[in-house]
Protein chains: 2
Amino acid sequence: MDKPTITIYDVAREAGVSIATVSRVMNGNANVKPATKEKVEKVIADLGYRPNAVARGLASRKTTTVGLIIPDLTDQYFAELARGIEDVANMYNYQIILSSSNGSEIKNDLIDNLLGKQVDGIIFMGNQVSSEIEERLLSIDLPVVLTGALDTQKKLPSVNIDYFNAFRDATLHLIENDHRRIAFISGLLSKYTKQDYKFQGYEDAIAQHGINHDDKLIFQAGYTYEAGYQLAQAVKTSGATAAVITTDEMAAGVLNGLTDLGLHLPQDFELISNNSQLTRMTRPAMSSITQPIYDIGAVSMRMLTKLMGHEELDDTQIELMHGFTTRDSTAK
Amino acid sequence: MDKPTITIYDVAREAGVSIATVSRVMNGNANVKPATKEKVEKVIADLGYRPNAVARGLASRKTTTVGLIIPDLTDQYFAELARGIEDVANMYNYQIILSSSNGSEIKNDLIDNLLGKQVDGIIFMGNQVSSEIEERLLSIDLPVVLTGALDTQKKLPSVNIDYFNAFRDATLHLIENDHRRIAFISGLLSKYTKQDYKFQGYEDAIAQHGINHDDKLIFQAGYTYEAGYQLAQAVKTSGATAAVITTDEMAAGVLNGLTDLGLHLPQDFELISNNSQLTRMTRPAMSSITQPIYDIGAVSMRMLTKLMGHEELDDTQIELMHGFTTRDSTAK
DNA sequence: CTGAAAGCGCTTACAG
DNA sequence: CTGAAAGCGCTTACAG
């Protein structure tokens, strides 16, 4: 039934060499006479030999596999990050093992699974890093990169933008458009997380203009479109005339919710979102912070390949440039 | 530096049994005296032993790993499928190796990589299955399930909806709304693919009402939002007054494109899309065929687990129910 | 119910 | 430049 799988032994026999030599040519080891190399390569091609990565992984203790921890596959932001990660992983011949928590909190056993699979490294993306997970990631003996995430101690390698200044600028933009009651809408806030830095930027901007912090203008909910949509009524009631929103799905929900409540954006309400393809798909299209999402993913993975290769890194806390794009949910 | 990894030998020594016994308790083998089982389990817990899945995979020839071939991570439709797949995979303790072609055509070496990794099965999702890939998937000695895809010979196990009738109904809906010039917008069409069945449904509906086929109303482009947006001008010029569109990203693009050209939907133009979360995010929200995307993924993965477990399947060509949801891009 | 032994398919010092 | 041998960490008949 099952075709006998062809192994390194078959290649060795056919080529009249030892399996060590076959292994050497497969691994590009220089110490092989060109003639034998050619011979072996021909046999490999003829037999259609495909090395068993599992055996290889066991023998070499490297699986050329990385774990990707992702909160939600259907979130545009994470999907775009993942795309950058995937492309670079392919480039360096790493495969990705998916580890998704699908909306619920990221748990320790996801990491256990990945360790069991002997991944060579881990990419962690998420809106926050719980202290439990942070401890765990710091304690395991494996390269880890946080993609679009920060640990509270800033000890783990990470790739991000400057959330503080990005949201500070966004808020200032709204203040310049004459808003005084500006809502800050995000997922749950906890200290020293990405969302918290965004919040600090918001606070800094309003303080600078003598605007008092008003708890009623701070909204915390889930990150989803639904959560945002549900929030619209409360946002309207709060008397806010504008909002900065930390995630796009949520921003789209708020936008549509407000529209469905009869508000016209940007005339009645201005809104700034956080940049993914979604910003272009809504109507009005959402003005947003621009961040190089794909690049954040790509740079993260590149960093991880370096760490896995024990290369020296000048900087393990990378911040990529961000900007601001005016679309149609702000007056200018 | 590296903490010495603790292995099955450590557990065996500590528990005073052979490694075979440790292996047996880990694998839930019944033939172990409860007392020894307990003892071993305690040692495993105490030592924090984590079995090496790679060694396990090599020894048992099963890696509890499945390959997921996905054209584009950032496409909502595929992402939702993947989510269903992931959840069921977790449920059955399979891990997923991602294999994305990121927009470009799915190539043979993606499959090679997965085979090299000794995956136990493959889930293939894609808008089409090229004949090269179809041959390959048929020839490999491994369970394969097509998720939201069909091979031309219908030999491979697959999970889909009835695309013909879904698009037939959608087209009839537009005809009932008094349209005669209805555009069909999709990715590239080729015979016996999913898109082709949709197209046949469209053709059948118009033929039934004596509407002549008009090549000018058939649009083929990429599947992306951008592709759809670019198409809007041509669609408008064609004199079409309505459209059925095979993918959501594309539909959102057409919708926004037409809107930006000054058309008001549904008054000036009616449009039916193909159902993902995106249908709710656009304005107007898109009327669409409804299909249980998450379930298609989940059922696919469940089917694959059965195939991998050599279980009998009554039916390997599964069609899930579809429906139609009127939102705001059609008059009714 | 349990253990000794072989084997899964590779890589990697070591020796020459 | 090449090979013999050990070993990676498990599972799985086989024997008892």
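Chain naming here is simple, since letters A, B, ... match the order of the sequence lines and numbering starts at 1 in each. This is a predicted model, so every value here is computed, not measured.
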Q.
Let me spell it out: for each of A:Pro51 and B:Tyr9, pick the nucleotide of DNA chain C with the closest heavy atom. Which residue's pick is nearer the 5' end?
A. B:Tyr9
Q.
Both B:Ile19 and B:Lys37 contact DNA chain C. Which one's nearest nucleotide lies toward the 5' end?
A. B:Lys37
In this structure, how many angstroms lie between the [atom2] atom of [N] and the [atom1] atom of [X], rounded?
| X | N | atom1 | atom2 | value |
| --- | --- | --- | --- | --- |
| A:Tyr49 | C:dG9 | OH | C1' | 7 Å |
| B:Asn27 | D:dT12 | CG | C1' | 10 Å |
| A:Arg61 | D:dG7 | CZ | P | 13 Å |
| A:Asn52 | D:dC10 | CG | P | 17 Å |
| A:Leu115 | D:dG9 | CG | C1' | 16 Å |
| A:Gln118 | C:dC10 | CD | C1' | 15 Å |
| A:Ile8 | C:dT12 | CD1 | C1' | 12 Å |
| B:Lys62 | C:dG7 | NZ | P | 21 Å |

Residues [X] and [Y] bridged, charged N to O under 4.0 Å:
| X | Y | result |
| --- | --- | --- |
| A:Asp120 | A:Arg61 | no |
| B:Lys42 | B:Glu38 | no |
| B:Lys306 | B:Asp314 | no |

Q. Base, sugar-phosphate alone, or nothing: which one does B:Val54 contact when heavy atoms must sit under 4.0 Å apart?
A. nothing
OP1, OP2 of [N] versus side-chain N and O of [X]: anything below 4.0 Å?
| X | N | result |
| --- | --- | --- |
| A:Thr21 | D:dT2 | no |
| A:Ser60 | D:dC8 | no |
| A:Thr5 | C:dG9 | yes |
| A:Thr7 | C:dG9 | no |
| A:Arg56 | C:dT11 | yes |
| A:Ser18 | D:dA4 | no |

(Q) Could you check whether any side-chain heavy atom of B:Met125 comes within less than 4.5 Å of a side-chain heavy atom of B:Leu146, counting everything from C-beta outward? (A) no
(Q) Can you see whether A:Thr74 engages B:Glu80 through a side-chain donor-acceptor pair at a distance of less than 3.5 angstrom? (A) no
Q) Are side-chain N/O atoms of B:Lys117 and A:Thr65 paired as donor and acceptor at under 3.5 Å? A) yes
Q. For B:Ala20 and B:Leu58, take the nucleotide of DNA chain D holding the closest heavy atom to each; which residue's nucleotide lies nearer the 5' end?
A. B:Leu58
Q | From C:dC10, D:dT11, D:dC1, nucleotide with atom closest to B:Met26 side chain | A | D:dT11
Q) Counting side-chain heavy atoms from CB outward, which of C:dT11, C:dC1, C:dC10 is closest to A:Ser23? A) C:dT11
(Q) Regarding D:dG3, can its base be found pairing with the side chain of A:Arg24 as donor and acceptor, where the two atoms are less than 3.5 Å apart? (A) yes
Q) Can you tell me the Watson-Crick or wobble partner of C:dT2, both distances under 3.5 angstrom? A) D:dA15
